[in-house]
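Notes for the one structure printed next.
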Amino acid sequence: MTISQQTQDVLKHFDLKPEGPFKVTSPIDGSAMAGVQFHTAEESAAMIAQADAAFRQWRQIPAPRRAELVRLLGEELRADKEMLARLVTLECGKLISEGRGEVQEMIDICDFAVGLSRQLYGLTIASERPGHHMRETWHPLGVVAIISAFNFPVAVWAWNVTLALVCGNAVIWKPSEKTPLTALACAKILERALARFGDAPDGLHHVLIGDAKIGAGLVDNPKTALVSATGSTPMGRKVGVSVAQRFGKSLLELGGNAAMILSPSADLDLALRAITFSALGTSGQRCTTLRRLIIHEDIYEDFLPRLKKIFASVKIGNPLEDGVLMGPLIDGASLEHMQNALAQAKAEGGVVTGGEAVKAVAGGAYAAPAIVEMKQQTNIVRTETFAPILYVMPYRDFDDAIAMNNDVPQGLSSCIFTLDVREAEQFLSDIGSDCGIANVNIGSSGAEIGGAFGGEKETGGGRESGSDAWRGYMRRQTNTVNWSRELPLAQGVEFEV
């Protein structure tokens, strides 16, 4: 069955009949999947107004009741896990096992959010004034805009929408224009959950299809209380500035440039497995992809040939087929960016192994994974290239390795492989990794939903998913209650009239 035929089967399953002039193509073979219609600025404004009206009703529903909608969404996702995973693979090109994992992540965050609905805790604070008490409470925020990228076309939406709904907000989702079909399928799944829920206000969730221009209108609208945007650092700069100018809130998940420090004491067999998945998962198109490998001089010469052998053995091809470990890049432009980066690396003294374009499936943009040996970090090493390129560099002193880990503009994910407890603890300390994610004896990629996801510096500083990330979707209020018959002022101030 061709990719187009498989796509039509999946779209029929979700009762989707998208039509429009903008053609959506599969990165697997470049074939047309469907056509979609971009929304207009007027339609976007109408969606925001509808969502704002829905929010004003939704916020009055108790959080545990709001969580019932998210619980039902989790049930619907369980029922459609395989079909949605298949659509993810068809539309963005990741392995079918990764597609299934992404949908499982959606199910997991539904479970997390349901439990969270009874844990939106505030604080009780001791007051210095007799007959008074203080507390902090958290309240729904408003309309939450979600702007997601092609590489995780459904999980990032789920991270945001589940917490946003439980916290009492309405949602507008602008998916990547490269992956609109998965968004439309998710909307269908949520519609089924809404129908079972019964009394949610109309307009609680919208999908906004369009390019950067339509996204800008969403970002600039003052009724959008929070903009949660995932994408490149240049995109984040524009979004962050636009939202800040109107004093809105933004949650930015931007570029990454993950490093692994490979210590002499490391379990090298374990490290090989971690490096391979972290560097090549989703064909190097994750923000947590391992892009820099910092190896101690004592093991460098023995370890590098083993790594090259593994990379050369990776099967490249149709991500729906068994045994394939690398599918296509999202499009031809990405393949060109990869080749340009390798050319620059050579110009900066790098020795490249692999990285050439391959004809795995006609019509797709496929490339062999590249290992680039560098004597030191150069401009291209500090630049995120969304492709399967791994820069390898030696180190002698452990402090220098940490300095190399931190000497990039991005600060998302990092890891170390070591059996030395001092090295591990230093890496995790305040003089260690400066990233939002720091792992020991595990790769840089593949976060669980229980921990807050996000990073520092040019990664944007946002946090999504687990831990206390829910606070980003609410507003904090400090309350002081006087239950006495007196009116003492704080700090002993006297003001008698």
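Numbers here simply count residues along the sequence, with the first being 1. Just so you know, these numbers use all the heavy atoms, side chains as well, and skip hydrogens, waters and symmetry mates.
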Start with the C-alpha gap between Asn441 and Asp267, add the side-chain angles, then the distance that decides, and say whether side chain to side chain contact (heavy atoms under 4.5 Å, CB included) holds. CA-CA 8 Å; Asn441 294 330; Asp267 181 331; over 6 Å; no

Worked verdict on Asn160 versus Glu464 for side chain to side chain contact (heavy atoms under 4.5 Å, CB included): CA-CA 7 Å; Asn160 284 272; Glu464 293 172 318; 2.8 Å; yes

Tell me whether the count of non-hydrogen atoms from other residues, nucleotides or ligands lying under 6.0 Å of [atom1] in [X] goes above 12.
{"X": "Glu301", "atom1": "CD", "value": "no"}
{"X": "Asp322", "atom1": "CG", "value": "no"}
{"X": "Lys238", "atom1": "NZ", "value": "no"}
{"X": "Arg135", "atom1": "CZ", "value": "no"}
{"X": "Gln477", "atom1": "CD", "value": "yes"}
{"X": "Glu448", "atom1": "CD", "value": "no"}

Has [X] got a side-chain atom pairing as donor or acceptor with [Y]'s backbone, closer than 3.5 angstrom?
{"X": "Glu105", "Y": "Ile449", "result": "no"}
{"X": "Asp331", "Y": "Pro27", "result": "no"}
{"X": "Arg292", "Y": "Met404", "result": "yes"}
{"X": "Ser176", "Y": "Lys178", "result": "yes"}
{"X": "Arg476", "Y": "Glu136", "result": "no"}
{"X": "Ser433", "Y": "Cys435", "result": "yes"}
{"X": "Ser414", "Y": "Ile437", "result": "yes"}
{"X": "Thr224", "Y": "Val143", "result": "no"}
{"X": "Arg118", "Y": "Ala63", "result": "no"}
{"X": "Gln285", "Y": "Ile330", "result": "yes"}

Spacing of [atom1] belonging to [X] relative to [atom2] belonging to [Y], to within rounding of 0.5 Å:
{"X": "Leu120", "Y": "Thr137", "atom1": "CG", "atom2": "OG1", "value": "11.5 Å"}
{"X": "Arg78", "Y": "Asp111", "atom1": "CZ", "atom2": "CG", "value": "4.5 Å"}
{"X": "Cys415", "Y": "Ile261", "atom1": "SG", "atom2": "CD1", "value": "8.5 Å"}
{"X": "Lys249", "Y": "Leu141", "atom1": "NZ", "atom2": "CG", "value": "5.0 Å"}
{"X": "Leu262", "Y": "Ile295", "atom1": "CG", "atom2": "CD1", "value": "5.5 Å"}
{"X": "Glu384", "Y": "Gln410", "atom1": "CD", "atom2": "CD", "value": "6.0 Å"}

Looking only at non-hydrogen atoms, find the nearest pair between [X] and [Y] and report the distance.
{"X": "Pro369", "Y": "Leu280", "result": "CB-CD2, 3.4 Å"}
{"X": "Trp173", "Y": "Pro153", "result": "CZ2-O, 3.3 Å"}
{"X": "Leu325", "Y": "Leu95", "result": "O-CD1, 3.6 Å"}
{"X": "Cys287", "Y": "Leu412", "result": "O-CD2, 3.4 Å"}
{"X": "Cys92", "Y": "Thr179", "result": "CB-CG2, 4.0 Å"}
{"X": "Pro140", "Y": "Arg475", "result": "O-NE, 3.6 Å"}

Side chain to side chain contact (heavy atoms under 4.5 Å, CB included) partner of Tyr366, the single match among Leu335, Ile28, Leu329: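 The residue from Leu335, Ile28, Leu329 that satisfies side chain to side chain contact (heavy atoms under 4.5 Å, CB included) with Tyr366 turns out to be Ile28.
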
Under 4.5 Å between any side-chain heavy atoms of [X] and [Y], yes or no?
{"X": "Asp9", "Y": "Met1", "answer": "yes"}
{"X": "Leu251", "Y": "Tyr473", "answer": "yes"}
{"X": "Pro175", "Y": "Val207", "answer": "yes"}
{"X": "Ile431", "Y": "Gln426", "answer": "yes"}
{"X": "Val166", "Y": "Thr162", "answer": "no"}

Using the ring-ring contact (aromatic ring centres under 6.0 Å, His included) rule, collect all pairs that involve residues 282-341, keeping only residues at least two apart or in two chains.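 The answer is His296-Tyr395.
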
Please evaluate residues Glu91 and Ser26 with respect to the criterion side-chain hydrogen bond (donor to acceptor under 3.5 Å, both in side chains), reporting the C-alpha separation (whole Å), side-chain torsions for both, the decisive distance (0.1 Å), and the verdict. CA-CA 5 Å; Glu91 193 172 33; Ser26 173; over 6 Å; no

Stepwise, does the salt bridge (Lys or Arg N to Asp or Glu O under 4.0 Å) test hold for Asp298 with Arg396? CA-CA 8 Å; Asp298 289 351; Arg396 165 53 56 183; 2.9 Å; yes

Under-4.0 Å salt bridge between [X] and [Y]:
{"X": "Arg71", "Y": "Glu68", "value": "yes"}
{"X": "Glu98", "Y": "Arg86", "value": "no"}
{"X": "Glu373", "Y": "Lys308", "value": "yes"}

Trace of the side chain to side chain contact (heavy atoms under 4.5 Å, CB included) decision for Val144 with Ile146: CA-CA 6 Å; Val144 173; Ile146 303 170; 4.3 Å; yes

Compute whether any side-chain donor of one residue and acceptor of the other, for Ser265 and Thr418, lie under 3.5 angstrom apart.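 Indeed, the side chains of Ser265 and Thr418 share at least one donor-acceptor pair under 3.5 Å.
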
One pair to check against side chain to side chain contact (heavy atoms under 4.5 Å, CB included): Ile96 and Arg100. What are the steps and the verdict? CA-CA 6 Å; Ile96 185 62; Arg100 293 180 184 123; 3.6 Å; yes

Sequence neighbours left out, what passes ring pair (Phe, Tyr, Trp, His ring centres under 6.0 Å) with Trp159? Give chain and number order.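 Trp159: ring pair (Phe, Tyr, Trp, His ring centres under 6.0 Å) contacts with Phe453.
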
Check step by step if side-chain hydrogen bond (donor to acceptor under 3.5 Å, both in side chains) holds for Ser445 and Thr288. CA-CA 5 Å; Ser445 195; Thr288 55; 2.9 Å; yes

Residue pair Arg237, Glu458: steps toward the salt bridge (Lys or Arg N to Asp or Glu O under 4.0 Å) verdict: CA-CA 9 Å; Arg237 283 196 176 95; Glu458 288 191 1; 2.9 Å; yes

I'd like to know whether Lys174 forms a salt bridge (Lys or Arg N to Asp or Glu O under 4.0 Å) with Asp211, so could you lay out the CA-CA distance, the side-chain angles of the two residues, the decisive distance to 0.1 Å, and finally the verdict. CA-CA 9 Å; Lys174 195 204 89 63; Asp211 55 14; over 6 Å; no

Identify all side-chain donor-acceptor contacts of residues 342-356 below 3.5 Å with residues at least two apart in sequence or on another chain.
unit_1	atom_1	unit_2	atom_2	d
Gln344	NE2	Glu348	OE2	2.9
Glu348	OE1	Thr378	OG1	2.4
Glu348	OE1	Ile380	N	3.2

Give a yes/no verdict on a cation-pi contact between Lys94 and Phe152, requiring under 6.0 Å between NZ or CZ and the six-membered ring centre and an angle within 45° of the axis.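 Yes; both conditions hold, so Lys94 lies above the ring face of Phe152.
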
